[in-house]
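Just so we're on the same page: letters track the sequence lines, and every chain starts at 1. Basis for what follows: all heavy atoms, side chains included, without hydrogens, waters or symmetry-related copies. Just so it is clear, the structure is predicted and the values come from calculations on it, not from any experiment.
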Number of protein chains: 2
Amino acid sequence: MKENSLLSDLAAHLFSNSSGNGRTPSERELAEHFGVSRGQVREALAILEAMRIVERRAKSGIYLTTTEASVEAMALFARAGVPLDPILIYETVELRKIHEIKAAELACDRATEENYQHLRDILGASEAKLAAGEGLAREDRDFHLEIVRATKNSVFHRVCSVYYVMGEHRLPIYFADPARSRRSHEEHIRIYEALLARDGNLAQALMSAHLQGAESYWKGLIGGPATAAE
Amino acid sequence: MKENSLLSDLAAHLFSNSSGNGRTPSERELAEHFGVSRGQVREALAILEAMRIVERRAKSGIYLTTTEASVEAMALFARAGVPLDPILIYETVELRKIHEIKAAELACDRATEENYQHLRDILGASEAKLAAGEGLAREDRDFHLEIVRATKNSVFHRVCSVYYVMGEHRLPIYFADPARSRRSHEEHIRIYEALLARDGNLAQALMSAHLQGAESYWKGLIGGPATAAE
DNA sequence: TCCTCAGATCTGGTCATACCAAATTTGCGC
DNA sequence: GCGCAAATTTGGTATGACCAGATCTGAGGA
């Protein structure tokens, strides 16, 4: 990964080192802290400002945004390992349900052989991972995104691909349980078969049930005291 | 507006002045062209790169991204006045339908008095605009976004608020017709009433019909190449 | 003790230079 | 034409400086 580590490190640092009014250290302090030039810090801050994570007030300082940050911002935090508000995870799952049930329906009408081939490839990779006793985080994401891609609506895909990465640091936990991984994989297979049969109603129903499992899981984690082993 | 004009100007410029392989002018050339320092250009480029609009290759150059740009990028272009591929507009409308029909349903369950008040305020503002013979672009967006907000799913709202701005430069055309504005406004009123009555099915149906009108309109303008595949 | 206000300080915004090393282009010699 | 080395270009990065408004500090007055 050649990811911009300064960006995520900086984001994490700003949240840990901001005063009560949301004011963060100055550009000069940040530059010194990270051992880079002010220019580098300003470049990163420009991105963070575009993501509405911070607000730069001329001659005053840098402040954490009080209003809603962008979805990109949430994804950045997820990558940076910043703990995400559980509420946001739940909301994300809810949004996924809205997106993917519809995507499954549309994909039944519009999926091409290329999409089917990709899905088969992903299922094959999943099988291999399962056999090796590994988690399916990456394959899960790929499978679901490929269905969105099969809707042939690129805006739909752009929107989904942004917030799907949010789960990248959560899914490993979810798929740590081999039984859950296996069940999820089998549900994927059935969804694939429904897509192949172009049975819109069935695909929707299967997708709904599939995501319901994830929703209950996260709801359980968020809701009562954490009883699940982690 | 205190918007970062360099950002959008730069984005537009890059698209007009890139060679066949997608290579854009160098940072130094861009700095000179816009009469700013290289640092300013680099800050803007950092944002454009984060939006996946360009790719900066060390010691080589800046290249327009061949892969899918982010939704944020589309919104930026819309603001910058860069003509958007009609296909993207149609795809956006389709995604809006997916989002808003569901939002209407959820809002029926979760809307609070605050949401209703906002909706009333927006409808009032719409009435005033209509009486003054003005378009409803802003009010239309506010109305629809408020319904999304009423779902109390902040991720949902974040996602929608990004791509809604895409329409800001299109809606004025749509609402140039007084009859269409009036009809749209009246449909908003009925949707509001359904939300107030917490009638989920009715709200969904009204929203679906409301957006169907917009969809047909844009489809008509585009010429319907999207559905020609079937 | 508390308030006021001018002066010192800090801060983001912007620009000009400079150096590096790799990628590109140029142009010489064949 | 062609190959290859030298000259040039390019992004990446750092340093230093100046501006002007925001912010903080402390002395002096009520």
Could you tell me whether B:Phe77 and B:Phe15 have their ring centroids closer than 6.0 angstrom?
yes
Would you say the side-chain atoms of A:Arg96 and A:Thr92 include a donor-acceptor pair closer than 3.5 Å?
no
Tightest non-hydrogen contact, residues B:Phe175 and B:Ser184, listed as CE2-OG, 3.7 Å
Under a 3.5 Å threshold, yes or no: a donor from one side chain and an acceptor from the other, between A:Ser181 and A:Lys129?
no
Take the angle between the ring planes of A:His210 and A:His144 and call it parallel below 30°, perpendicular above 60°, tilted in between.
parallel
Determine the contact category for B:Glu55: base if any of its heavy atoms lies under 4.0 Å from a base atom, sugar-phosphate if only primed atoms, P, OP1 or OP2 are that close, otherwise nothing.
nothing
Rounding to a whole Å, what distance do you find between A:Glu49:CD and C:dG12:C1'?
11 Å
Bounds of contact between DNA chain D and chain B, in 5' to 3' order, using a heavy-atom cut-off under 4.0 Å:
D:dT10 to D:dT13
Side chain proximity check, A:Glu29 to A:His33, heavy atoms < 4.5 angstrom:
no
Residue B:Glu32 excluded, over 12 heavy atoms near CD under 6.0 Å:
no
Show the numbers, then the answer: is there a side chain to side chain donor-acceptor pair (under 3.5 Å) between A:Asn21 and A:Ser19?
CA-CA 6 Å; A:Asn21 59 347; A:Ser19 53; 2.6 Å; yes
Value in whole Å for how far the P atom of C:dT14 lies from CZ of B:Arg42
16 Å
Round to a whole Å and report the spacing from CD of A:Glu43 to C1' of C:dT14.
15 Å
Every stem of 3 or more Watson-Crick or G-U pairs under 3.5 Å that DNA chain D joins, in order of first number, is C:1-30 with D:1-30
Over 12 non-hydrogen atoms of neighbours within 6.0 angstrom of NZ in A:Lys102:
no
Length of the CD1-P vector between A:Ile62 and C:dG12, whole Å:
4 Å
Using whole Å, what does the distance between atom C1' of nucleotide C:dT14 and atom CD of B:Glu32 come to?
17 Å
What protein N or O atoms touch nucleotides 16-20 of chain C N or O atoms at under 3.5 angstrom, if any, and at what distances?
none

Pair A:Arg38 + B:Glu43: basic N to acidic O under 4.0 Å
no
Would you say the side-chain atoms of A:Thr66 and A:Tyr63 include a donor-acceptor pair closer than 3.5 Å?
no
Without decimals, in angstroms, what is the distance between B:Leu30 CG and C:dT14 P?
17 Å
For DNA chain D, whose closest nucleotide is more 5', that of A:Gly39 or that of A:Arg57?
A:Gly39
